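Not measured: the values here are computed from a predicted model. Chain letters run A, B, ... following the sequence lines, proteins first and then strands; every chain starts at 1.
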2 protein chains.
Amino acid sequence: MTEQHPTQGRPLAGVSGAEGLSAATPELRDIPQATVTRLAAYLRVLGLLVDQGTHIVSSEELAAASGVGSAKLRKDLSFLGPNGVRGVGYDVSRLRGRIEQTLGLDRGHKVVLVGAGNLGQALAGYGGFGRRGFEMVGLFDIDPAVTGTQVGDLAVRHIDELDQACRELEATIGVIATPDDAAQDVCDRLVGAGLDCILSFSATSLDVPEHVESRRVDLAVEMQVLSFNSARNTGQVPVSPPALDHTEPRTQVRIGHAAHVPSAAKRNGSVIAP
Amino acid sequence: MTEQHPTQGRPLAGVSGAEGLSAATPELRDIPQATVTRLAAYLRVLGLLVDQGTHIVSSEELAAASGVGSAKLRKDLSFLGPNGVRGVGYDVSRLRGRIEQTLGLDRGHKVVLVGAGNLGQALAGYGGFGRRGFEMVGLFDIDPAVTGTQVGDLAVRHIDELDQACRELEATIGVIATPDDAAQDVCDRLVGAGLDCILSFSATSLDVPEHVESRRVDLAVEMQVLSFNSARNTGQVPVSPPALDHTEPRTQVRIGHAAHVPSAAKRNGSVIAP
DNA sequence: GTCTGTGAAGGGCTTCACAGCT
DNA sequence: AGCTGTGAAGCCCTTCACAGAC
């Protein structure tokens, strides 16, 4: 085997090891990979609902706001055990707590980022992390022209400090935002520093030891897939420039008036699970 | 229906429309969604191989360098028709051309980006696009503090110019790098401007008309999934801080000496298709 | 012998439809 | 009546194993 996730995901057989696992969580294994991805998406919507003061939400509403079908959503949630009340719906904040716990977000994750170039700096300054339970605690680069500079409220440190810093900071996630040809080396260093979650924005596929989880986001791949799907949709030969009048029905399923969605509109799930 | 891709992908039934399609391409439909994603990944590796002067590559080698299994790779390529020579392997540049054509990358895609904040500027400056067949032709923002400024060799224009500019520039792909609450509005404008491929980095799920393809990359989701998978791997209660000595076998499957991969190592496929 | 292409088997995920609770 | 939870069916995809071409 050389695969990461057998792409079809898998309810994880049971890593042997700890068999009598911790208390609160009834079933953490046996959650399909695809479901996990969507749980993260639901979580975000639930956060909005909480902010908005909504207490109860139906599967139909939550599903619409998340861009999935309601049956799929109910199935997904059912993997966490009973979460709603029949005839009523789901308790928003309770459900949110349940998902957070399941995803392991209750222990606050600390993130280090390697590669303080354009993308790295953008990611460092990206507020979405903190807002969703991740704290950026370290920035590293190998270029002396960048090390020492301040990005947000963090100073860029030299990558040689990575190992020690990761342990001191108790980092749990490493993000790679370096050029492609440095990615594997940086990855090795992150693994060496004891991290077991790695998110890479380089295009190269990384190889990591068995116990390390890695994911990759390749922007060019995203666009290429987009390109293909579009070509396929439009019947392959998009000659005629789009007409000026684009008046097609388009569903408004914003939170609040999410409802039975009419007909001809699509919503995008996260790329990871359309 | 409110779904985008029924998540399981689908070999596309046939959009009716053009039935006697263009010449060269024998079968463009009927390619599984999952395969499309990986084709984009293979393409990148093939590019490296070309640069490197390699002429022939075996499924085993290409697969290893792409982070997938060789059987899967052969199956994927088989959807494009015969591409290799039995007992020999694949002609690198021929295969590359075939995939490019299939993905519709031969017509050069032109990309406009909305949202010239941190992320937007980083994306605009990201060389990976051009290197892989996409040309960034326009940058837009709504903030007067940013419009007019130069990012790379493009000036940031006001979003009100979007519609006209898209048509003049013949853009085909729109990228959204705005704050979440502006995303749907920007998306609407892009669609209004005639684009039918949209890539969004906002967390909100966008709704688009039937004929538009949209994808979304949500960084927080990526990390949350990472978090979960890691928790699952490590037996869920990662109490003991990682030991100092991390000496595990790790496969080196870089291009060139890609080979029969030993044992205990994983490689990450693109997030989109692990 | 080597390596591709592919039918068939197996598994995961989605969808449907309804049982069951309030 | 309304909405959740879930077996079962079906689909898509992966994996296996080998036939077939060089």
Of the listed nucleotides ([options]), which one gets closest to any side-chain atom of [X]?
{"X": "B/K72", "options": "D/dT6, D/dT15, D/dC13", "value": "D/dT15"}
{"X": "A/P32", "options": "C/dT4, D/dG5, C/dC13", "value": "C/dC13"}
{"X": "A/K75", "options": "D/dC13, C/dG5, D/dT6", "value": "D/dT6"}
{"X": "B/S59", "options": "D/dC13, C/dG5, C/dT4", "value": "C/dT4"}
{"X": "B/S78", "options": "C/dG5, D/dT4, D/dC13", "value": "C/dG5"}
{"X": "A/A34", "options": "D/dC16, C/dT14, C/dG5", "value": "C/dT14"}

Could you check how far [atom1] of [X] sits from [atom2] of [N], rounded to whole Å?
{"X": "B/F79", "N": "C/dG5", "atom1": "CZ", "atom2": "P", "answer": "13 Å"}
{"X": "B/L80", "N": "C/dT6", "atom1": "CG", "atom2": "C1'", "answer": "15 Å"}
{"X": "A/D76", "N": "D/dT6", "atom1": "CG", "atom2": "P", "answer": "13 Å"}
{"X": "A/R38", "N": "C/dC13", "atom1": "CZ", "atom2": "C1'", "answer": "8 Å"}
{"X": "B/L95", "N": "C/dT4", "atom1": "CG", "atom2": "P", "answer": "11 Å"}
{"X": "A/I56", "N": "D/dC3", "atom1": "CD1", "atom2": "C1'", "answer": "12 Å"}
{"X": "B/R94", "N": "C/dT4", "atom1": "CZ", "atom2": "C1'", "answer": "13 Å"}
{"X": "B/N83", "N": "C/dT4", "atom1": "CG", "atom2": "P", "answer": "11 Å"}

For nucleotides 18-22 of chain C, which of its nitrogen or oxygen atoms have a protein nitrogen or oxygen under 3.5 Å away, and what is each distance?
from, atom 1, to, atom 2, distance (Å)
C/dG20, N3, A/R86, NH1, 3.2
C/dT22, O4', A/R86, O, 3.4

Students often mix this up, so state it plainly: with edges at 30° and 60°, are the rings of B/H109 and B/F134 parallel, tilted or perpendicular?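 Answer is parallel, since the angle falls under 30°.
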
Spacing of CD belonging to B/E222 relative to CZ belonging to A/R216, to within rounding of 0.5 Å: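 Rounded to the nearest 0.5 Å, the CD-CZ separation comes to 12.0 Å.
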
Supply the atom-to-atom distance A/R131 CZ to B/D180 CG, rounded to the nearest 0.5 angstrom.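 So the CZ of A/R131 and the CG of B/D180 are separated by 6.5 Å.
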
Carboxylate-amine/guanidinium proximity below 4.0 Å for A/R96 and A/D91: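 So A/R96 does not pair with A/D91 through a salt bridge.
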
May I ask you to decide if A/S202's main-chain N or O and A/S200's side chain share a donor-acceptor pair within less than 3.5 Å?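 Checked: pair present.
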
Could you tell me if A/S58 and A/E60 have a donor-acceptor pair between their side chains, going purely by distance under 3.5 Å?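 The answer is no; no qualifying pair exists.
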
Verdict with supporting geometry, A/D30 and B/R232, salt bridge (Lys or Arg N to Asp or Glu O under 4.0 Å): CA-CA 10 Å; A/D30 292 343; B/R232 177 152 73 176; over 6 Å; no

